[in-house]
Student: 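The following block contains the structure, expressed as C-alpha cells.
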Amino acid sequence: MTSNGARIKVSREPRRQLNNRAAWITVDDGATESECAVVDVSPGGAKITTAVEFGVKDRLALTLLADHSKRYPCEVVWRRGNTYGLKFVTADVVAETAPEAADPVGVI
C-alpha cells in the first residue's frame with residue numbers, strides 16, 4: 001500500500017504515570033469512601049483500579065492525596081473489569097449571551 005500524503009500526527013493529552021498510587025473515591029456526596037489505585041492521570045481524566053463496582057455514567061469524586069481535601073468530580077466513561085476510565089467534570093455553566101455591540105467590528 002502506498003501513501004499519497006504526509007502522515008498526520010494525532011496529539012494526545014499529556015499523561016503522568018502514577019504506578020498504582022493510592023487514592024480515594026467518594027460517592028453519595030461523601031457518605032461512602034473507598035480506596036483505589038490511580039494508574040495514570042491527565043488534565044481531562046484518570047484511569048483507576050478498584051474493587052468497588054461502578055457502571056458507565058456513574059458520578060463520583062476522586063481524591064489524589066490523603067491529607068488533601070480537594071475532590072475532583074468525575075464520571076465513569078469506560079470500564080474493563082476492575083479498571084475504570086474517569087472524565088473530570090465541571091459544574092454545568094449556563095452560557096450567557098453577550099449583548100451585541102452597537103457597531104459591528106470593522107465598521108466606522
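Residue numbers start at 1 and run along the sequence shown. Please read these numbers as outputs of a predicted model, since none were measured by experiment.
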Student: Can you say whether the rings of Phe88 and Tyr72 are parallel (under 30°), tilted (30 to 60°) or perpendicular (over 60°)?
Tutor: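 Answer is tilted, since the angle falls between 30° and 60°.
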
Student: Flag the pair Val76 / Leu60 as yes when at least one side-chain heavy-atom distance between them is below 4.5 Å, and no otherwise.
Tutor: yes

Student: Give me the one residue out of Thr50, Leu64, Asn20 that meets side chain to side chain contact (heavy atoms under 4.5 Å, CB included) with Val38.
Tutor: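 With Val38 as partner, Thr50, Leu64, Asn20 yield a single side chain to side chain contact (heavy atoms under 4.5 Å, CB included), made by Leu64.
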
Student: What pair of heavy atoms forms the shortest contact from Lys70 to Thr63, and how long is it?
Tutor: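 Heavy atoms of Lys70 and Thr63 come nearest at O-CG2, 3.8 Å.
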
Student: Look at the side chain of Arg79 and the backbone N and O of Gly81, then say whether any donor-acceptor pair between them is shorter than 3.5 Å.
Tutor: yes

Student: So Thr26 and Arg71, side chain to side chain contact (heavy atoms under 4.5 Å, CB included) or not? Walk me through it.
Tutor: CA-CA 9 Å; Thr26 55; Arg71 291 189 173 129; 3.7 Å; yes

Student: Quick check for you: to the nearest 0.5 Å, what is the distance between Cys74 atom SG and Ile48 atom CD1?
Tutor: 7.5 Å

Student: Minimum heavy-atom separation for Trp24 and Leu65, please, with both atom names.
Tutor: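 Nearest heavy atoms, Trp24 then Leu65: CZ3-C, 3.9 Å.
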
Student: Please report the shortest heavy-atom distance between Leu86 and Leu62, naming the atom on each side.
Tutor: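 Looking at all heavy atoms of both residues, the shortest contact is CD1-CD2, 4.3 Å.
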
Student: Between Tyr84 and Trp78, is there a donor-acceptor pair closer than 3.5 Å when you use the side chain of the first and the backbone of the second?
Tutor: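 Absent.
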
Student: Who pairs with Glu75 by side chain to side chain contact (heavy atoms under 4.5 Å, CB included), at least two apart in sequence or on another chain?
Tutor: Lys57, Arg59, Lys87, Val89

Student: Can you list everything that forms a side chain to side chain donor-acceptor pair (under 3.5 Å) with Thr49? Sequence neighbours excluded, please.
Tutor: none

